[in-house]
Structure formats: C-alpha cells, structure tokens
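Worksheet for the structure shown next.
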Amino acid sequence: MLDRINKAQRQTKAACEALGRQINVMEVCGTHTVSIFRNGIRSILPGNLKLLSGPGCPVCVTDQGYIDAVLELAERQDCIIATYGDMIRVPGKDRSLETKQAKAGVRVVLSSEDALQLAKDNPDKTVVFIAVGFETTAPATAVVVKEAAAESIDNFCILSGHKLVVPAMRALLSGKNNKIDAFLCPGHVSVIIGYGAFAEIVEDFARPCVVAGFEAVQIIEGLNEICGQLSAGKAALKSMYSAVVTEKGNAAAQQVIKECFEPVGGYWRGLGKIEKSTLKLRDKYERFDAFKRFGLSETPSEERKGCRCGEVLCGLIEPPECGFFGQVCTPQKPVGPCMVSSEGACAAWFKYGRERIRKP
Amino acid sequence: MSASGHERILLAHGGGGQLMDELIRRHILPGLANDTLAELGDSARLNLTSGSLCFTTDSYVVKPLFFNGGDIGKLAVCGTVNDLAVAGARPAALTLSLIIEDGFEIEVLDRILASVAAAARESSVEVVTGDTKTVEAGAADKIFINTAGLGVRVAGADLGFEKIAAGDRILINGTIGDHGMTIISQREDMGFQSGLESDCAALASLTCRLLENTMAIRFMRDPTRGGLAATLNEIAGGAGLSIEIRETDIPVKPAVQAAAEMLGFDVLTIANEGKFVAVVERESAERCLSLCRDHPLGKNAKIIGEVVETRDVPTVEMETRIGGRRIVQMPYGRELPRIC
Ligand code: SF4
C-alpha cells in the first residue's frame, strides 16, 4: 500500500509543480473529509494543492429553516421525533433537540426501520422521522414510507429533508466566487446514482470529476488522477472505485426513490435555494408528509449570527478563518452544524488540525 | 430455586433482617470466603505492612451485564484493581457494595458473584467488607456495583507527571479498543460481534512485575473511558510536554478496527479495561517491553511513541499509517453510555 501511496504522491507533486498555481479540489462527502483528516492526508500533499470540504455532510447542509421546523414539532405533546444521532445537537434559534430529548419526545434511531417500528409501538403518538441525507439514505426512507402505506400505519410520517448531490455541485460551480478546479466525488452516493451521474458536470463545466473510495490510498490516487488531468489540460469523468461503483448505479434504489419522491426546489445552508435539489414525497404518499400533516413550511431562516458554515460549505473559507472557530465554537459547545456533525468540516479541523492550537 | 429458597431479589433482601442475612451467608460469603470477611464486623480489620497506601473507588453500571470476555462482576474487581495497579500499588483489599433492583434474579446474582470471586482470586486480593442495598423496580437498572480498593505501594515505585521527561518512551501492553467495541456492538446488536472480546483483566501482576524489576517506570495510567486518546492527552497536559505516536505501532485487532470504522469511531478513543499506558525511561524501554511480553497480559506490548518537548501547548500528535501527521484530540461529544 505504501508503494502505491508513494507513487501517487510523487506523481501528484510533479503535476502540481507543472501547473505552478494553486489547485483547489473539493470533496463532496463527509466520509472523505473525515478520512482525509484522520489519515493526515493534507500534510503529505504539495503546498499548492488545496482540499476544500464541500457540502457533503447531510447535517451541515440542512437549512436552518428545516431545523426550526423540527424543533417546532418537538414542542408537540402528540409527537415523537425519530432522528439520526448527529441531528440532535444542531442548535436552533435558542435550543437544540438535545435539550428537548430529556423530555422524552425525541428518540435517536439508527435506521428508518427503527422509526417505523417506533410508530407501531406507540399507536397513540405520531412518529415523525427526520429524514435527512443524500441519495444514500433516501432509498431507506422510501422503503419505510411504502411499508407504512401498505400496512396503513397512519401514525407515521416523515419530514423529508433529503438532498441531491449533483444539483448542489452545479450550484457551486455557478456561484460567482467559486475557486473549484475539480471534484473528488463521493463513493457512497455514487454506489446509488452511478458515476455516470457526474457526466453533466464534466460536460457543462469542464471540471474533472473523479469518484474514489475512502481509504487513504484510494483518496490519494483519486487526487493524483485529478492533478494529472488538470496538468494535461483535460477534464474527464473517472471512477477509481470500480469494485463498488458502476456507471449506472443501483437501479432498484433509484427506482424506489423515484417512486416515492420528486425533486423540488429546496433550501441549502450556504447555497440558498437550488432547483430540483430536494426530495419531496409524491402526492400519492402525501399523507406521510409531515410538512403537510402539520402545516409546516420550510422557510429559509438565518444562520446564527457570526457562524460562517455557509461559506465553509461552499469552500469559500476554511474553518479557522471563522472568528468563532475553536474559541466560542467547539464540539462541546457548537455554534453551527459544521462543528456538530462528526463529518462536519469545522469539527474535523478542530479535532485533527494544528490550527486550533496556533490560535492565541 | 436458589440456595435461599427465593428466585428473585425482594426489597426485604436489603432490609437488614433475616432475608438479608440469608442472602449474605448463602450467596455472597461462600465464593469470597476469607477470614476478614467471615468476621462480618461493622468494619474490616486489616493488618497491612507499613508503607505508603493507595486508596481508590469506582462504580460499575455497565450494560449489558454480561458481555463477551467478562461481566459486571469481573469488571468491578478488575477496574478497581487496575486503578491501584497503575498508581504503583499492589492491591490488598477490596470492598464490594451491591445496589440491586427489586425482582433481580438470584441465579444471575450468583453468576456475577462467582465472577467477582474468581477475579479477586486471580489478582490475589480479598474482598474484606461490603454492603447490599435493594431498591424498588425502576430505581436502578438491574444491578450497580461499587468497589473501593486499598493497595500498598510497591517499594521504590515513585510515579508522577513530574517524573516524565522528553525522550521517555510510551509503552502499551497490548491491543486497544477491545472492551469498548465489544460493548457497543453487543448493545446495538450490530451483528458483527464475532472476533470482538473485551480485554477486561486485572493488571496488577504485570504492573508489579515491571515495578519490581526496573526503576524505569515514570508514570502509568489505564486508558478506560476516552481510550488511548484521552490518556495520552492527560499525560501530555499533566507533564506539560508533547507526545508523538506512530499509528503503525499501535496494536489493534482487525475485527476491532473494522467495527470502529463501520460505526465511524476513532479506535484511539475507544475504552479499554485490561490495558495500561506506561511512560518509561528511554534507555530501559526495551527491557520494559520484554518484561511485558513475558507476561500473558503483555504479549502484544508495544512501544508506540515518545515524549517530546512542547512547541506551543502540550499536544499529542500522530504519524499516520501513510506518513501524514495529525493531532490526537482529547475526545469529546457524546459519552458512550454505560460501558463500564
Ligand atoms: S467554526 Fe462554528 S461558528 Fe464558525 S463556521 Fe464553523 S460551525 Fe459555524
């Protein structure tokens, strides 16, 4: 393995030297972010190759308006909120689900199936599943919605905040200030949507898109492929994760998403409203739609004052550039979601980086 | 039917009357038998050789009560013995206090007590006094155990943060993360429990052996909650020095690594119950290592890094498997509930 790493490292260095300018590669996957930091990958890259952590952490990209809707539901006595663990510490206006959790009402679940089970076990309450995540978690949500429909489990519903990766990448590249030269594309999402889904980015924006796995060697080889393309003046689509990712992806998973959801415009933290980027339940399943059932709307809401998560997610700044980083904002007392989630960029910089220490 | 004619613990078992007397005489005393305990006095009378004493206490609330590689009884003995051991002491006496929920099966209690007895025997320590309380159903989760331990410091053992110096080596007696990953996977019923087994063990025989055979040990600590990451940060902070470790030298079982990765845990932050980290003088590091490796609890011992001068504030830094560098933070965030 070390041979492969050394080789990729040498080639990357040569390519970056040849380019002779700063190169910005964005990873759009929280698991990549964590692996990059945990393995100390940044420390062995050439100085002019910069990695930007993009909108790859599901909790981080969730708009404040959605969080506030969740907190509103948590107020209700007749509801149980079923959520993935990371979500419970995200601060809302003046509180988080964690503060609510003590008052029962909020349960951490490991899967959408657990949430449905909770509904079956508590027939006198409405269980609202906080359905966040990208194409990786959406199929599991779709499956339980179908199950609930088939079994008429009417005290179950979902608050869909599911998001699609490709529209976000398009939005980033359409942004004025973007400095992104290439994307390291997410492995897990690609398993579902297929690497072919990124072809439009390459065609429309002429940026290399390379799908990679999560081991250090896979990431470094992915970066090497990107730098090679850039120095040759090319932009191509390539999957380096061929053992798991196919061009067309998982047809069954795509089918079940399509059957239950339609893509609509939705709000992202930092990116604002993006057309066809958020999954909404189709009309035939609308009775499981918590937005409808409780008359909630996902109105965009302001980020907490001073938190620069939005800019972090767009790769415009690195976390230490935020004035709160490591001072006011720490994993124990997070101000924004990027410090809450274990996959968030701020948390990763705080946990594994030296920057926190250099700060006065 | 149990020896006392009851199948379950009743509130009256903690009431100080006949039922309680029966519980003590028939279930608790037999396994633990020793002269001091047999007196059943209000206090245990100990005759310890003079010298400096170490005294510690800990409560055990692990869930599940039985796990691969141990149970709450074994843990309650080993955990307290280890606190004495890493302080440089030879454990001499333990107390045992049980808080039992109404309705707890006596047969299960017997199994737990048997493993308390076995663990105490193995680490040559006597349970000399104790207490039993029962609480209404719901007021405790099955059974909670508290043990306190008294130990006599090994002659010449003089451990402390202030003894640590740049150049010292960091030694660990084996693989990390075994206990925590076993409990987590068993709690969550994750279905990948194969190959996972808690390392729960009493370390005193190994630590005493080290202390008696070398003067090179500067400091020891057992990396329980918070794992190796927490312990190394405590050492760095306490000594005012930095620590550098090498990922390739840290022993981790493949099954533990795989489970940690699957759940998104950093194995450095996962709890251990049969491990100690020792800071040892550089020149004697190899000798300490071979002393460890000759002992069953130290077969996989490794030197994993060293103490270095601090650049700015004391930090723990790791050279990763691929030759990169990163900080090892004091773990934070959600404490994993009730792993010990
Ligand atoms: S450091 Fe905290 S406040 Fe600043 S951007 Fe990150 S999460 Fe927001």
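Values below: every heavy atom of this structure, side chains too, minus hydrogens, waters and symmetry copies. Note on naming: letters A, B, ... go to the chains in the order of the sequence lines (proteins, then strands), and numbering restarts at 1 for each one.
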Only counting residues at least two apart or in another chain, list the ones meeting side-chain hydrogen bond (donor to acceptor under 3.5 Å, both in side chains) with N24(A). Q22(A)
According to the salt bridge (Lys or Arg N to Asp or Glu O under 4.0 Å) rule, which pairs have a member within residues 261-281 of chain B, sequence neighbours left out? D199(B)-K275(B), D266(B)-R326(B)
With a 6.0 Å cut-off (strictly less than), is the heavy-atom count around NZ of K163(B), excluding the residue itself, greater than 12? yes
Which one of V217(A), N6(A), I44(A), I219(A) satisfies the side-chain contact (heavy atoms from CB on, under 4.5 Å) criterion with I322(B)? I44(A)
Residues of residues 36-43 of chain A near chain B, each having a heavy atom less than 4.5 Å away: F37(A), R38(A), N39(A), G40(A), I41(A), S43(A)
Does NZ belonging to K142(B) count more than 12 external heavy atoms closer than 6.0 Å? no
Under 6.0 Å from the CD atom of E234(B), do we count more than 12 heavy atoms belonging to anything else shown? yes
Examine whether an atom of L45(A) lies under 4.5 Å from a heavy atom of chain B, and if so say whether it belongs to the side chain, the backbone or both; otherwise answer neither. neither
Sorted by chain and residue number, the side-chain hydrogen bond (donor to acceptor under 3.5 Å, both in side chains) partners of Q117(A) (sequence neighbours excluded) come out as D121(A)
